[in-house]
Amino acid sequence: MPKREYNFTDIEQKWQGFWEGCGLFHVDENSTKEKFYCLVMFPYPSGTLHVGHGRNYIIGDVVTRYKIMKGYNVLSPIGWDAFGLPAENAAIKSSVHPAIWTRNNIKAMKRQLHRWGVGYDWNREITSCEPNYYKWTQWIFLKLYENNLAYKKKAAVNWCPSCATVLANEQVVNGCCERCDTPVRQRDLEQWFFRIGQYSQKLLDDLALLEGWPERVKTMQANWIGRSEGVRIDFRLEESGKILSCFTTRPDTLYGVTFVSLAPEHPVIGKLISGTPQEKHILNFVEKARNQSMVERTAEGTEKEGIFTGKYVINPVSNDKVPLWVANYVLMEYGTGAVMGVPAHDQRDFQFAKKYNLPVKIVIQPEGKELNVNTMKEAHADNGIQVNSGMFDGIPNTEAVRKITEYLESKGIGTKTVTYRLRDWLISRQRYWGAPIPIVYCEKCGTLPVPESQLPVVLPEEVEFKSHGMSPLAQAGSFIHTKCPKCSGMAQREIDTMDTFVDSSWYFLRYLSPKDNTRPFITEKVNKWLPVNQYIGGVEHAILHLLYSRFITKVLYDLGCIGFREPFEHLFTQGMIIKDGAKMSKSKGNVVSPDILIDKYGADTQRLYILFIGPPQKDAEWNDRGVLGAYRFLNRLWQKITDYEDIYTKVPRFDIHIQELSAEAKTLYRQTNQTVKKITEDLDTSWHFNTAIASIMELLNKVDSFNVVTPHTDEEKI
RNA sequence: GGGCGAGUGGUGGAAUGGCAGACACGAAGGACUUAAAAUCCUUUGGCCGUAAAAAGGCCGUGUGGGUUCGACUCCCACCUCGCCCACCA
């Protein structure tokens with residue numbers, strides 16, 4: 001038999017054309033079939049795609065096609081998360097406008113997605129940097145502003161004094177500017193925040209609703225929200241008698257307090273030390289601590305440093321007089337910005353006390369051994385029995401937590417408090433390439449939101465990019481100067497843009513009405529199609545993107561705009577593709593281009609290999625030889641199928657009489673059905689694409705050996 | 001320091017309480033070829049066994065314990081690696 005060639009180019013072009021022609025991936029919204037919303041995280045248009053990106057889209061494509069075959073009405077949309085810092089950096093480096101750079105990248109990546117043969121409803125494509133999209137990102141901002149969920153306050157940014165510009169955390173390398181190596185300083189700017197903190201408890205509670213999410217992602221979110229129960233205890237300043245509150249989760253250690261520390265930013269410091277001889281020293285210390293960049297100050301191994309204020313506070317239960325310090329490890333944003341120091345029972349306090357010769361006082365003795373102040377090498381943070389604790393002596397410390405809290409509350413010197421680690425979401429970016437924040441500042445009328453009728457606030461395209469200095473928007477006079485929406489007098493626009501996470505926290509609603517210019521989304525449609533049945537993306541988004549999307553969904557639900565509280569029913573997080581020991585990425589220089597592989601072996605080979613490489617939720621090592629194996633298999637399969645084309649096109653599909661088959665043919669028939677069953681299970685319940693493919697390979701191997709041992713007549717019956 | 005995950009042949013992996021190593025890669029040998037590539041066939045965890053083979057046997061899933069008739073799989077402790085977070089009071 002003459003060998004025919006497996007001409008993947010023709011085959012793939014033919015079928016891609018066929019799918020497009022029959023609109024396989026276009027959703028018929030009037031269909032009576034059950035809906036299925038399959039969503040892949042929309043890509044950032046960074047340049048070109050590499051095979052590592054492909055995993056996400058190929059898995060999404062498999063799910064989409066499988067659900068279509070199972071009879072669902074499947075929505076599988078795609079778009080572009082198109083605002084962001086890399087576009088701006090490209091503009092500075094190579095003088096290409098971010099808009100041009102971004103649109104070119106989108107064009108290139110779109111071509112690549114098409115070549116991969118992944119199926120989307122392209123009629124619904126959205127691009128977050130286009131005015132018809134960011135108009136509605138601005139609308140979301142206005143809704144939050146109207147409902148007191150957006151506010152402005154001073155917050156520190158990383159500031160490079162040499163470039164005179166704000167740096168993102170990732171642009172700070174070892175505490176220095178990545179471009180000029182100048183040490184980065186902290187600088188306070190007025191910035192916009194969303195009150196996600198107000199939703200901490202809801203975001204935590206509703207994790208329980210997410211049965212289709214991986215446990216580890218839910219745990220990560222719960223840890224990030226970081227609820228902790230404790231007590232706010234009122235200490236008093238020795239001289240003035242004024243209250244200084246400390247937050248603690250360990251009220252049982254209250255009798256062991258030997259000092260109290262303040263965050264360098266604590267507002268009480270200034271007044272407290274004003275006019276004292278040590279004032280200058282302390283202010284120097286505060287200044288130094290505040291100039292450590294966030295990254296540096298919170299990095300592991302940063303030396304704990306402090307300075308004595310010369311003042312004392314009074315312990316409300318023991319009446320001990322303890323020194324008041326300022327320490328760089330105390331954070332103003334968490335708790336009250338003041339911490340009680342218990343060296344005997346907190347390791348960090350222990351180190352601090354040893355360094356500055358502060359006393360150690362044991363108030364909890366572990367059972368079975370006795371702690372001694374003079375021989376302790378580290379703090380005892382575990383449980384034990386209360387000692388040196390007045391009326392609470394002799395009870396287990398776990399009980400003392402409750403008893404001391406009750407006592408403090410009854411005396412009015414403490415309050416049970418729940419705190420969350422989750423801070424409000426800083427959405428201001430001193431950048432050009434983002435959605436402008438729709439706010440106007442009028443000298444007469446103050447801070448005003450841009451009326452909805454005036455949206456979008458269009459990002460001007462004629463601006464200058466300089467390697468240093470302020471955001472290009474700050475120099476765009478025609479953008480800044482505007483009329484006050486209230487008094488029509490002279491006013492100025494906000495020049496900060498929004499964090500790109502705002503763009504991506506609602507895009508899944510827009511796919512249902514991507515071109516509607518009258519509203520961000522259509523309530524009836526999103527209520528019908530959401531929550532998303534299956535969301536697929538990288539685990540690196542387990543916290544921020546997924547938490548922000550949940551937050552915005554909850555806000556819109558509370559405002560009555562939508563009828564569901566969680567956006568994503570099932571979540572799948574795929575593993576990374578590793579090459580030469582590192583995640584495949586352009587910056588590491590270890591990318592494999594899909595285009596070259598498609599030219600050589602075809603898209604199906606690449607798709608098959610990506611699915612065969614290993615369990616999809618785990619990281620996988622890329623191996624060029626593995627691609628060849630996938631190619632060989634497809635060749636064999638294609639040869640086998642075309643060999644018998646004339647037979648099975650003639651025989652009706654289910655016209656097989658089992659009784660008439662030979663024993664070998666019967667076995668093969670059974671094995672075929674077993675394979676179908678195995679693949680169905682792999683796709684339905686576990687997403688074991690690799691073993692599904694392996695079982696087809698096995699079946700093909702069996703078909704091959706069947707031909708060898710059986711006379712030709714039996715083949716024809718199959 | 002906290003959280004999550006993973007340790008199985010030369011490699012990616014399969015088996016999740018019942019024959020460990022499916023499937024694939026690589027390697028070795030052979031067929032075809034002037035030759036190479038491609039393709040096809042055979043072998044391929046280690047050790048013992050044998051003149052060579054075969055039969056057969058023993059060992060083997062990071063380490064040490066445990067549960068069980070039976071453990072890669074479940075439980076406890078430890079070691080190593082990866083990822084995420086981290087001075088959170």
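Naming convention: chains lettered A, B, ... in sequence-line order (proteins, then strands); numbering from 1 in each chain.
Rounded to whole Å, the separation between the C1' atoms of B/A24 and B/G13 comes to 8 Å. Between B/U61 and B/G17, the distance separating the two C1' atoms is 15 Å to the nearest Å. The separation of B/A6 from B/U16, taken at their C1' atoms, amounts to 15 Å, rounded to a whole angstrom. Comparing the same atom, P, in B/A71 and in B/G60 gives a spacing of 12 Å after rounding to whole Å. Rounded to whole Å, the separation between the C1' atoms of B/A27 and B/C85 comes to 44 Å. The P atoms of B/A86 and B/G18 are separated by 41 Å, rounded to the nearest whole Å. For the C1' atoms, the distance from B/U42 to B/C48 is 24 Å, rounded to whole Å. Remark: the separation of the P atoms in B/A20 and B/A36 is 42 Å, to the nearest Å.
The OH atom of A/Tyr334 sits 17 Å away from the P atom of B/G2 (whole-angstrom rounding). One interatomic measurement links the two molecules: CD of A/Gln221 to C1' of B/C4, which rounds to 14 Å at whole-angstrom precision. Atom pair A/Tyr609:OH and B/G12:C1' shows a separation of 7 Å (rounding to whole Å applied). The CD-P distance, from A/Glu333 to B/C87, rounds to 11 Å in whole Å. Spacing between atom CE of A/Met576 and atom P of B/A6 amounts to 15 Å, rounded to whole angstrom units. A/Phe352 places its CZ atom 13 Å from the C1' atom of B/A89, with the value rounded to the nearest Å. Computed from coordinates, the A/Asn328 CG to B/A89 P distance equals 17 Å when rounded to whole Å. What separates NZ of A/Lys640 from C1' of B/C40 is a distance of 12 Å, to the nearest Å.
Comparing atom distances between the A/Arg421 side chain and each of B/C88, B/C84, B/A89 picks out B/C88 as nearest.
The aromatic rings of A/Phe247 and A/Tyr334 stand perpendicular to each other, their planes meeting at an angle above 60°, with 30° marking the opposite boundary. The aromatic rings of A/Phe568 and A/His545 sit tilted relative to each other, their planes meeting at an angle between 30° and 60°.
Once rounded to the nearest 0.5 Å, the distance linking NZ of A/Lys618 with CD of A/Gln574 reads 15.0 Å.
Two rings, from A/Tyr609 and A/Trp622, have their centers less than 6.0 Å apart.
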**Request:** For ring-ring contact (aromatic ring centres under 6.0 Å, His included), just list the numbers for A/Phe259 and A/Phe352, CA-CA rounded to whole Å, side-chain angles, deciding distance to a tenth of an Å, and then say yes or no.
**Result:** CA-CA 10 Å; A/Phe259 65 96; A/Phe352 193 79; 5.4 Å; yes
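Nucleic acid contact class of A/Asn223 (heavy atoms, under 4.0 Å, all strands): sugar-phosphate only. Contact annotation for A/Pro615: backbone-only contact, meaning every heavy-atom pair under 4.0 Å involves sugar-phosphate atoms and none involves a base.
The local environment of CZ in A/Arg232 is sparse, with at most 12 non-hydrogen atoms from other residues, nucleotides or ligands closer than 6.0 Å. Annotation for A/Lys242: atom NZ does not count as buried by contact number, only 12 or fewer foreign heavy atoms lying within 6.0 Å.
At distances below 3.5 Å, not a single donor-acceptor pair connects side-chain atoms of A/Ser549 with backbone N or O atoms of A/Leu546. Under a 3.5 Å cut-off, the side chain of A/Thr258 and the backbone N or O of A/Pro359 do form a donor-acceptor pair.
The side chain of A/Arg348 contributes an N or O atom lying less than 4.0 Å from OP1 or OP2 of B/C88.
Taking the side chain as every heavy atom from C-beta outward, A/Ile233 and A/Thr248 approach each other to under 4.5 Å. Using a 4.5 Å heavy-atom threshold, the side chains of A/Val326 and A/His266 count as separate.
Summary of the strand contacts: A/Arg216 and A/Ile613 both lie near RNA chain B, and taking for each the nucleotide with the nearest heavy atom, the more 5' one is attributed to A/Arg216. Ranked by how close their nearest RNA chain B nucleotide is to the 5' end, A/Met220 and A/Asp619 are led by A/Asp619.
Nucleotide B/G62 carries an anti base; the chi torsion (O4'-C1'-N9-C4 or O4'-C1'-N1-C2) is more than 90° from 0.
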**Fill in**
Whether each nucleotide of nucleotides 21-29 of chain B has a protein heavy atom under 4.0 Å at its base (B), only at its sugar-phosphate (S) or at neither (-) is summarised, 5' to 3', as -BBSSS---
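One can find a donor-acceptor pair under 3.5 Å joining the base of B/C88 and the side-chain atoms of A/Arg423.
Taken together, the paired segments of RNA chain B that extend over three or more consecutive Watson-Crick or G-U pairs, each closer than 3.5 Å at both contacts, are B:1-7 with B:79-85, B:10-12 with B:23-25, B:26-31 with B:39-44, B:45-48 with B:56-59, B:62-66 with B:74-78.
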